[in-house]
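Scroll down for the structure; my scribbles are underneath it.
Because the structure is a prediction, the values reported are computed rather than measured. Order of the sequence lines fixes the chain letters, A, B, ..., with proteins taken first and strands second; residue numbering starts at 1 for each chain.
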Amino acid sequence: MILKRLGISVFVLLAVSVVVFVFTLLLPGDPAQAILGQQATPERLAALREQLNLNDPWYERYFTWLGGLLVGDLGTSAATGGSVNELLGQKVSASVLLMIIAAVISIPVGILLGTWSAMRRGRTTDHTLTGISLVLAALPEFVIGIALTTLLSTTVFQLLPSVTMAAPGTRVWDYPLQLVLPTLTLVLVVVPYMIRMTRTTMLDVLDSGYVEMARLKGVPERQVIMKHALPHAIGPVAQVVAMQLAWLAGGIVVVEFLFRYPGLGQAMVDAVQIRDVQVVQALSMIIAAFYVVVNLIADVIGILANPKLRTESSK
Amino acid sequence: MSAQNHQPVTPETPVTQPAASFEPAESRGDARPVSFFRRFLSQPEAKFGLVLTGLVLLVAIAGPFVVPAWTGYGPTSYAGKPFQYDIFGTDNLGRDVLSRFLEGGWRLLLYSALATVLGVGLGTVLGMLAAFRGGWMDSAIMRTGDVLLAIPQLVFAMLAITVLGPQGWVLVVVIGITHAPRVARVIRSATSGVVAEDYVLASQMYAVPQWKILGRDVVPNIMGPLMVEMGLRMTYSIGAVASLSFLGLGMQPPTADWGLMINENRIALSLQPWGVILPVIAIAILTVGTNLIADAVSGASAGRTTGSARKDK
């Protein structure tokens with residue numbers, strides 16, 4: 001069963017690569033012209049065409065590109081002429097760091113608050129948490145980011161740096177204070193969804209027969225939650241957590257741009273602005289791959305956490 | 001306060017009316033003869049949502065008409081030194097912030113609405129077809145959807161913008177397309193409950209054409225989830241269009257646009273915050289409003305949808 005999921009993931013990634021590649025074919029007219037602009041001389045156009053292998057048929061270009069991806073060669077940036085790997089190398093680690101911190105904070109917070117809200121169903125705590133998460137869930141990332149910046153960095157309090165200023169050669173984690181605002185923004189973006197889904201799932205579980213049975217037997221409430229209810233809720237919650245982590249992969253684009261954080265998202269915005277198709281493609285593939293892997297992990301957790309599915313797989 | 005604030009609700013009513021007209025289907029299996037619209041309005045979320053959304057709609061739609069007359073400046077005309085701190089002050093190029101704010105909302109709303117209609121329409125048709133036809137068509141539609149879902153909405157939009165340039169129709173089409181698989185999933189599961197019903201079978205036995213069955217028997221019965229999706233996707237459309245403009249990849253200068261204004265003026269956030277804060281507040285109120293409406297709709301059609309409508313983005 002897990003193997004089957006793995007197969008699907010590989011297939012989805014291949015299909016994504018086709019979608020991402022098809023976009024280059026959509027370039028109106030001559031891609032070289034589009035990249036270089038109207039003033040380009042014929043010689044430069046011809047040179048760029050050669051450089052981009054535009055003279056080969058599309059399927060050959062696709063397989064060259066895909067082959068490169070498989071061995072970790074992301075291609076050549078049309079703008080800088082350098083390799084995309086080099087361009088993105090350090091930025092991958094910066095982005096991954098940001099996402100890991102955000103995930104490590106938001107997953108426990110989301111699950112705990114969601115469970116708490118479910119335990120206090122119908123009371124003030126529940127209403128407050130539900131209300132806040134409903135409002136936060138609606139806000140786009142940059143609205144939350146700017147609100148936090150105004151509150152903590154510029155207008156109200158001046159506690160934290162509002163942009164990341166990393167001198168070349170230094171690493172983002174050399175300045176932990178600069179990580180606070182981007183991380184906090186990401187956490188506030190994903191936590192509301194986790195709260196809502198954990199709450200809904202927990203409510204279902206708390207209404208079930210076995211929880212009532214445990215309560216009737218006089219099992220302490222804490223133990224009912226921890227031992228009887230929570231394990232049953234893990235599967236669906238893992239799905240939502242995965243969805244949110246995958247959402248982080250898209251969310252970092254805006255958040256990194258807002259805080260000038262030198263990561264993949266910022267690189268993506270820069271590349272789109274100068275229409276550096278190779279870099280955009282590579283980044284799309286990296287982000288999609290991340291999404292697919294996170295979803296795969298969530299499904300595996302779901303299978304392992306659910307006894308029905310678990311035994312089915314051993315048959 | 002409430003009497004005054006209820007005024008802007010009017011522009012919102014066309015959206016909710018279709019739901020009200022399908023109340024016979026909604027009250028199926030429901031003992032209370034309360035209309036869908038009443039149930040919707042009875043929730044505090046609905047009232048808040050309508051008031052908030054209505055407020056922003058009023059500003060965005062009426063704004064462009066009052067601009068030169070009321071504020072004294074056009075949206076792109078010179079009003080003073082850059083980043084002057086006046087009532088609302090001037091922006092990075094010395095243009096009047098208030099004028100640009102009043103002018104800058106309708107495009108965001110228009111593009112978001114178009115993208116939502118496109119996405120929900122496409123998703124509904126595909127979702128219904130998948131559930132109704134089943135077999136290879138179901139697999140083909142849903143697997144294609146899975147592939148699109150693997151690329152985050154914003155990243156997909158950026159891919160398209162890299163290639164096609166930041167134009168209005170590109171934003172609308174691309175955001176609509178990314179909504180479609182998400183909508184299709186919801187509609188498919190709602191439809192598969194309906195197609196098993198006897199009245200659908202009856203229509204099939206009368207050899208009613210397929211599109212007629214879908215239109216007459218299925219659509220009215222999936223109105224609940226459909227309305228929820230409308231509200232939700234509108235929230236996300238606004239977020240996506242505004243985010244892209246904020247990234248400099250949506251509306252282009254010198255257009256007055258809320259997302260773009262935030263981008264242009266955020267360098268002086270501590271000096272002259274109004275150029276950022278006005279549009280941020282407007283977008284925040286708008287998205288919270290539409291989200292509350294979506295939540296109330298999902299509550300009103302309760303029993304069919306669980307109220308946890310926003311599982312994915």
To the nearest 0.5 Å, tell me how far I238(B) CD1 sits from L139(A) CG. 11.5 Å
Picking from I8(A), D204(A), V135(A), which has the most non-hydrogen pairs under 4.5 angstrom with chain B? V135(A)
For S284(A) and L159(B), the nearest pair of non-hydrogen atoms, with its separation, is OG-CG, 3.5 Å
Contact between F142(A) and L247(B) at the side-chain level, heavy atoms closer than 4.5 Å - yes or no? no
Atom CG in L154(B), atom CD in E141(A): separation rounded to 0.5 Å? 7.0 Å
Under 3.5 Å: donor-acceptor pair, side chain of N291(B), backbone of A137(A): no
For the candidates V19(A), L136(A), V269(A), L14(A), which exhibits the highest count of non-hydrogen atom pairs separated by less than 4.5 Å from chain B? V269(A)
Any non-hydrogen side-chain atom of I151(B) less than 4.5 Å from a side-chain atom of Y291(A)? no
Best-contacting candidate, G289(B), A284(B), P279(B), A240(B), against chain A by heavy atom pairs under 4.5 angstrom: A284(B)
Ignoring hydrogens, what is the shortest heavy-atom contact between D146(B) and V12(A)? Give both atom names and the distance. O-CG1, 4.4 Å
Any idea which heavy atoms bring P140(A) and G239(B) closest together, and the distance? CG-CA, 3.8 Å
Evaluate the side-chain proximity of V155(B) to L283(A): yes if any heavy-atom separation is below 4.5 Å, no if none is. no
Heavy-atom proximity to chain A below 4.5 Å, by part of S243(B): both
Below 4.5 Å, heavy-atom pairs only: which of M285(A), M268(A), R199(A) has the largest tally toward chain B? M268(A)
Under 4.5 Å to a heavy atom of chain A? For I262(B) that would be side chain
Which distance, rounded to the nearest 0.5 Å, do you find between the CD1 of I277(B) and the OG1 of T150(A)? 5.0 Å
With a 4.5 angstrom heavy-atom cut-off, which part of V18(A) approaches chain B: side chain, backbone, both or neither? neither
Interface check, chain B: of L13(A), I146(A), V292(A), most non-hydrogen pairs under 4.5 Å belong to I146(A)
Would you please classify the geometry between the F246(B) ring and the F257(A) ring as parallel, tilted or perpendicular, with 30° and 60° separating the classes? perpendicular
